[in-house]
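Notes to accompany the following structure.
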Amino acid sequence: MKNRFITAYLIAAFLIPLVPVNCQTSTGNRDKYTLLTTPYNKRPLTLYKGQFQADAGYKFSLRSRSFDNNGDVIDLKTNGNASVMHNYFLELRYGVLNFVELGIESSYSKRGIRTESTTYGSAFSEVIVNELSEYKGLGDLYIYTSIRLPVQYTWFDFRVSGGFFLPTAKYKPDQPSNSISVDNTTSTFTIDYKYNNKNGYRVPVYQISAAAKVTFSKFAAYADFVFKDPLKEGTNIRWDETLSNYVFYYTSHEYDYLLDREMTTTASVHYQPVGWFDIHLKGSLLLSSKGWTEYWDNVRYKNPEIQLLTLEPGYEIQISPSLRLSQFAGFSLSGKSTDAPFYMITTLSYSIFPFLK
């Protein structure tokens with residue numbers, strides 16, 4: 001049933017742009033300046049016909065808190081487990097018609113997660129154990145189609161989108177780069193475990209979403225729902241290490257897994273005091289479940305069910321007809337079995353009509 005639904009969506013998504021639609025209305029005299037400087041509260045949910053837009057952004061996340069499975073806050077700074085994540089993303093969009101657009105998106109991220117140092121030993125010698133798990137590399141490529149109501153946007157708009165994360169990124173972790181050092185003066189052994197993970201999913205993942213927007217004078221309200229689910233189970237490797245005569249030896253073992261199913265609901269309120277400036281307040285709820293991971297003796301363990309509620313105040317500025325800057329901060333309000341980061345996202349959008357004179 002899932003495969004039939006996805007096949008039907010793809011056929012519709014790629015055939016609709018080829019069919020003439022009489023109810024599509026014109027965007028005035030197609031003046032480039034007017035279209036490029038349309039304020040948020042008057043902007044439709046897809047690009048105009050012939051419009052190309054590139055969004056490049058950077059997300060900085062500070063992982064200083066987390067939520068346990070009961071929803072209680074854990075302060076990661078007190079035990080030395082705080083970390084940061086750097087994420088760079090690029091999205092390319094093109095308006096095929098005034099109500100149909102195609103898009104492609106990719107990202108690169110890097111983060112390192114340390115566990116609390118552990119000390120073992122006696123009065124004569126000590127063993128200090130440190131562990132660092134690093135996640136670094138490109139994410140999978142996401143391609144999608146968005147279709148909105150085929151009428152000129154005045155006060156209400158509705159859009160549906162769908163696409164796939166293609167398994168283009170590396171997913172197998174590199175061999176660990178563990179090390180051991182000895183301080184003969186104090187008889188202290190320090191073991192540093194370092195695990196080198198990738199960001200690829202390994203399996204295709206589909207995503208569908210729906211969004212609605214309502215405008216009243218200088219105010220606008222936006223809401224969307226996003227559903228993401230893997231198409232099949234995946235296989236990856238896990239590294240085991242043994243230490244002999246101060247040298248690490250490694251072996252890899254395959255294991256199966258199923259990625260979590262994710263649902264995200266977002267709602268935001270926008271205020272447009274002037275045409276070039278928009279401020280907003282957004283809230284989102286993430287729910288993740290249904291996944292599992294295989295561990296020892298081929299036993300499958302259910303992944304923790306994740307909940308995360310965040311609040312994001314932000315703004316958008318029209319710098320020039322082709323250039324917009326947006327920025328917002330994210331605050332984790334509540335959750336279960338997940339990190340509770342503070343983050344900042346900055347996006348620069350460049351938009352043109354390459355074939356319109």
Distance alone, cut at 3.5 Å: any donor-acceptor contact between the side chains of Thr190 and Asn130? no
Do Tyr201 and Tyr171 make the cut of ring centroids closer than 6.0 angstrom? no
Show, in sequence, the C-alpha distance, side-chain angles and deciding distance for Glu233 and Arg300, and conclude whether the salt bridge (Lys or Arg N to Asp or Glu O under 4.0 Å) test is met. CA-CA 12 Å; Glu233 300 173 2; Arg300 295 177 176 180; 3.7 Å; yes
Within 45° cone and under 6.0 Å: Arg111 NZ/CZ vs Tyr135 ring: yes
State the CG-NZ distance between Asp72 and Lys336, to the nearest 0.5 angstrom. 10.0 Å
For Glu91 and Tyr144, test the side chains for any donor-to-acceptor distance below 3.5 angstrom and give the result as yes or no. yes
Does Lys42 NZ have over 12 foreign heavy atoms under 6.0 Å away? no
Students often mix this up, so state it plainly: with edges at 30° and 60°, are the rings of Phe328 and Tyr343 parallel, tilted or perpendicular? perpendicular
Without hydrogens or angle criteria, can the side chains of Ser146 and Ser161 be said to hold a donor-acceptor pair below 3.5 Å? yes
Is the Phe52 to Tyr94 ring centre distance short of 6.0 Å? no
Check ion pair Glu316-Arg43 (N to O, under 4.0 angstrom): yes
Is it true that atom NZ of Lys228 has more than 12 heavy atoms of other residues, nucleotides or ligands lying nearer than 6.0 Å? yes
Relative to the ring of His86, is the ring of Tyr88 parallel (under 30°), tilted (30 to 60°) or perpendicular (over 60°)? parallel
Distance in Å, Glu131 CD paired with Arg114 CZ, rounded so as to fall on 0.5 Å steps: 10.5 Å
